[in-house]
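First the proteins, then the strands, lettered A, B, ... as listed; each starts at 1.
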2 protein chains.
Amino acid sequence: MPRMVKIEDVARAAGVSVATVSRVLNEQGHVLPETQEKVRKAADELRYQPNLSARNLRKNESRIILILAPNFSNPYYSNVLAGICDVSRNLGYSTLIYNTYDSNALDQTLVTHLFQKNRADGMITLAINRDDRWLTQIAGKYPLVQCSEYVEDEPIPHISVDNRSAAKESVSMLIAQGHRRIGIVTSANRYLSSANRMRGYLDALEEADIARDESLIAYASADYSFASGKQAARELLSLPEPPSAIFCVSDILALGVIAAAGKMGLQVPWDLSVTGFDDVDYTTMFHPYLTTVSVPCYDLGRRSMQLLYDQIVQKPGAEREVYLPHKVIVRETTAQYAKQQ
Amino acid sequence: MPRMVKIEDVARAAGVSVATVSRVLNEQGHVLPETQEKVRKAADELRYQPNLSARNLRKNESRIILILAPNFSNPYYSNVLAGICDVSRNLGYSTLIYNTYDSNALDQTLVTHLFQKNRADGMITLAINRDDRWLTQIAGKYPLVQCSEYVEDEPIPHISVDNRSAAKESVSMLIAQGHRRIGIVTSANRYLSSANRMRGYLDALEEADIARDESLIAYASADYSFASGKQAARELLSLPEPPSAIFCVSDILALGVIAAAGKMGLQVPWDLSVTGFDDVDYTTMFHPYLTTVSVPCYDLGRRSMQLLYDQIVQKPGAEREVYLPHKVIVRETTAQYAKQQ
DNA sequence: AGCCGTCATGTAATCCATTACATGAATGGC
DNA sequence: GCCATTCATGTAATGGATTACATGACGGCT
């Protein structure tokens, strides 16, 4: 580790005091242009980099944003992450990623601890459970934004898409195609997005006067895994009266459903229509291309960081509840319902 | 932001000096058990968390590891990342992710700057170009580990798989299946892995006395994109004498190749064998399941962090060059070559 | 001329944990 | 019984940047 140049070195080289150097480099004015010139030249030549620990200690900030993410392998989260990182870099913040694996392991003590330990200036959660009401305590003390998932009915800033409407549109589209027995593969987690997508599904059925049928509701594992999507589909498709269409709350689940259908000799979309949710990259990497709901992950990430920044700098009138537009994208896994003769 | 408890508060509450508190909490001995007891009790009750900026300033460390990653959407990188994060957390380090997008934008000045700006204790690069020799300068000054990609012929610690052998095995397998015209879709980047996979491809041809044919070598874009895999495949398959098998240097490229083949009316594996590289999740999400080379991404991540830690604490005899085992996995995209009559 | 205000710059306090050094007590060897 | 050593603990210096306050110069006003 090479010896670090400190502000004192710059001051000596420029023939001024440390205060002046600091003022120049932090652009606080009250310094003669020619003095500024000297200081900048000295700082450049010595390749001076301020010691962040010292600065943060003094200013009582860290310029670090903590991101609570459940896993990186899901392309949904990696896109959000990219959005956050891009904006935070522009704003001069570093992003520290804390892998939560299972969001059930989070609690108030742990999150408080993370905040204090890392002296983070703010936090973005990517996967909070909808009943984690303790988060309100945290949000009262530290800047926080919930991205994608958020705690229901609590006034904590969050950003997401309108999952309920999106799901309803998606299922209504299936109904318009003539489907009446429509199954849902949802996830056995406590995310609000899952709950709202389920609500949207029920909304659509109700609007079309289709009675709710518990047997058409299947639960995949909490992590949206491909394998659990297959398993859930097997249950639905083994029903005496199987569905002609299945709405899935995530793309990976939908892929699992398609795989299971194939194994059972069903052709998608001819024998079964399937829709996904999120529109991750690989929905168009192989046929049939997936009909799904596109969610602007990258933008969700960007906007969360902007919202968080507004909170950190206490911008007056900062938004606390943002919904970005979604879009149902009809591709190749859905088709008109054709009753077999 | 609530007022922070500082060491002085703990000292007062425990009726000792700050030095004693520090000694107890840092387990440096020379403190009576009963005094330790008092201090720990006070610290617990006040929920004392040391101020990291202050500690780091004093100890001249940061407990932060910088990770240079090109993009998160590639599942290869997200798995490596997960491995790094898991180990670093256990060792008490935070991981700071710097998105490099394009590894060509990296240079000595930028990397030095990143080190100094973030006061990182060490760095792991995920995608350095094989000719970025300036990295040697950096490695002389700061702890550094190159994961997956590394600079060729420079003595900088690195960890990866033996790409050349893996590629050779993979192509030899195709040859054993009777293929003689074997194309390669590689990437137009400057990564050593691409170069070595190409070398392995050539090794296998040479061993089987198959002449090298430049027209069978196609370059996809630098980022391994699905679309560029399709484009490269179109070139190869439009040849007067097209290949009967294509070796791809990444799974996504292979998916692109399969898509392009399908569009041109070719059935994989009957009309064309395809192999990938990495074995990312979605190789078995739809049929045909991809024949590929499995690379232990997660373990590569884990071991990089361990190697880096050894360097940081200056463990004597720390390894500087590690290769983890790979495995050719034959699935459904490859088949015996059957010359059409 | 005398006073005040503004501006450029400097001096020194501050942020908080760590740790070198200092102190005083206790123990052990002779 | 005395000196040396070890041990428990305290006091104060330290790390580097920021910034409140101090200083001195200069210009303008009455």
Side-chain angles (χ1 to χ4, degrees), chain A residues 1-43 46-64 92 115-121, chain B residues 1-43 46-64 92 115-121:
Chain A
M1 190 74 79
R3 198 191 86 82
M4 293 286 142
V5 176
K6 41 194 199 179
I7 197 169
E8 205 180 293
D9 302 323
V10 179
R12 198 174 312 119
V16 298
S17 74
V18 293
T20 302
V21 176
S22 179
R23 276 189 283 256
V24 171
L25 298 180
N26 292 291
E27 296 172 328
Q28 296 187 322
H30 289 283
V31 182
L32 285 181
E34 64 235 49
T35 311
Q36 295 204 20
E37 185 55 35
K38 276 192 302 186
V39 170
R40 276 188 229 284
K41 183 153 165 286
L46 294 172
R47 299 184 182 286
Y48 169 69
Q49 284 295 330
N51 181 320
L52 289 192
S53 298
R55 166 183 292 173
N56 295 338
L57 174 59
R58 184 61 230 254
K59 299 181 86 169
N60 195 31
E61 66 175 20
S62 65
R63 292 254 142 198
I64 281 179
F115 247 118
Q116 300 193 335
K117 180 160 174 276
N118 297 292
R119 304 261 140 179
D121 290 346
Chain B
M1 190 73 77
R3 201 191 84 83
M4 292 286 143
V5 176
K6 41 193 199 180
I7 198 169
E8 208 185 321
D9 302 324
V10 179
R12 198 174 311 119
V16 297
S17 74
V18 292
T20 302
V21 175
S22 178
R23 275 190 283 258
V24 172
L25 298 180
N26 292 289
E27 294 172 330
Q28 297 186 319
H30 289 282
V31 182
L32 283 183
E34 63 235 51
T35 311
Q36 297 204 17
E37 184 57 33
K38 276 191 303 187
V39 170
R40 277 187 227 284
K41 185 153 164 284
L46 295 172
R47 301 183 182 285
Y48 169 69
Q49 285 293 333
N51 181 318
L52 289 192
S53 297
R55 166 183 292 173
N56 295 338
L57 173 60
R58 186 61 232 255
K59 299 181 86 168
N60 196 31
E61 66 174 22
S62 65
R63 292 252 141 200
I64 282 180
F115 248 117
Q116 300 193 335
K117 178 160 177 273
N118 297 292
R119 304 262 138 179
D121 290 347

Touch class at under 4.0 angstrom, heavy-atom based, for A/L57 against every strand present: base

Nearest-Å distance for atom pair CG/C1', residues A/L25 and D/dT18: 12 Å

Nucleotide of C/dC16, C/dT9, D/dT11 approaching B/A54 most closely (side-chain heavy atoms): C/dC16

Side-chain-base donor-acceptor pair under 3.5 Å for B/R55 and D/dG15: no

Nearest-angstrom distance from the residue atom NZ of B/K38 to P of D/dG10: 8 Å

Nearest listed nucleotide, side chain of A/V31, among D/dT9, C/dT9, D/dT18: C/dT9

D/dG10 OP1/OP2 closer than 4.0 Å to side-chain N/O of B/T20: yes

Touch class at under 4.0 angstrom, heavy-atom based, for B/T35 against every strand present: sugar-phosphate

Donor-acceptor contact below 3.5 Å, side chain A/Q36 vs main chain A/V31: yes

Sugar-phosphate, base or nothing in reach of A/N56, heavy atoms under 4.0 Å: nothing

Candidates D/dA17, D/dG16, D/dA8 - which lies nearest the side chain of A/P50: D/dA17

Atom-pair distance (CD1 on B/I7; P on D/dA12), nearest Å: 17 Å

Any A/S22 side-chain N or O less than 4.0 Å from OP1/OP2 of D/dT18: yes

Euclidean distance, atom CD of residue B/Q28 to atom P of C/dT18 [Å, nearest integer]: 8 Å

N/O (side chain, A/Y48) to phosphate O (OP1/OP2, D/dG16) under 4.0 Å: no

Atom of A/S17, atom of A/A11 and distance for their closest heavy-atom approach: C-CB, 3.8 Å

A/K41 with A/E37: basic N within carboxylate O range, under 4.0 Å: no

Under 3.5 Å donor-acceptor pair, A/R23 side-chain atoms to C/dG10 base atoms: yes

Rounded distance (Å) that lies between atom C1' of D/dG15 and atom CZ of B/R58: 6 Å

Side chain to side chain, B/R40 and B/V24, heavy atoms closer than 4.5 Å: yes

N or O in side chain of B/N26 less than 4.0 angstrom from C/dT18 OP1/OP2: yes

Per B/K59 side chain, nearest of listed nucleotides C/dT18, D/dT11, D/dT19: C/dT18

Atom pair CG/NZ of B/L32 and B/K38 - distance to nearest 0.5 Å: 9.0 Å

Closest to the B/K6 side chain, choosing from C/dA17, C/dT9, C/dG10: C/dA17

Touch class at under 4.0 angstrom, heavy-atom based, for A/V21 against every strand present: nothing

Salt bridge A/D9-A/K6, side-chain N to carboxylate O under 4.0 Å: no

A/M4 CE to D/dA17 C1', straight-line distance once rounded to whole Å: 15 Å

A/H30 NE2 to D/dA25 P, straight-line distance once rounded to whole Å: 20 Å

Between C/dG10 (C1') and A/E8 (CD): distance, integer Å: 14 Å

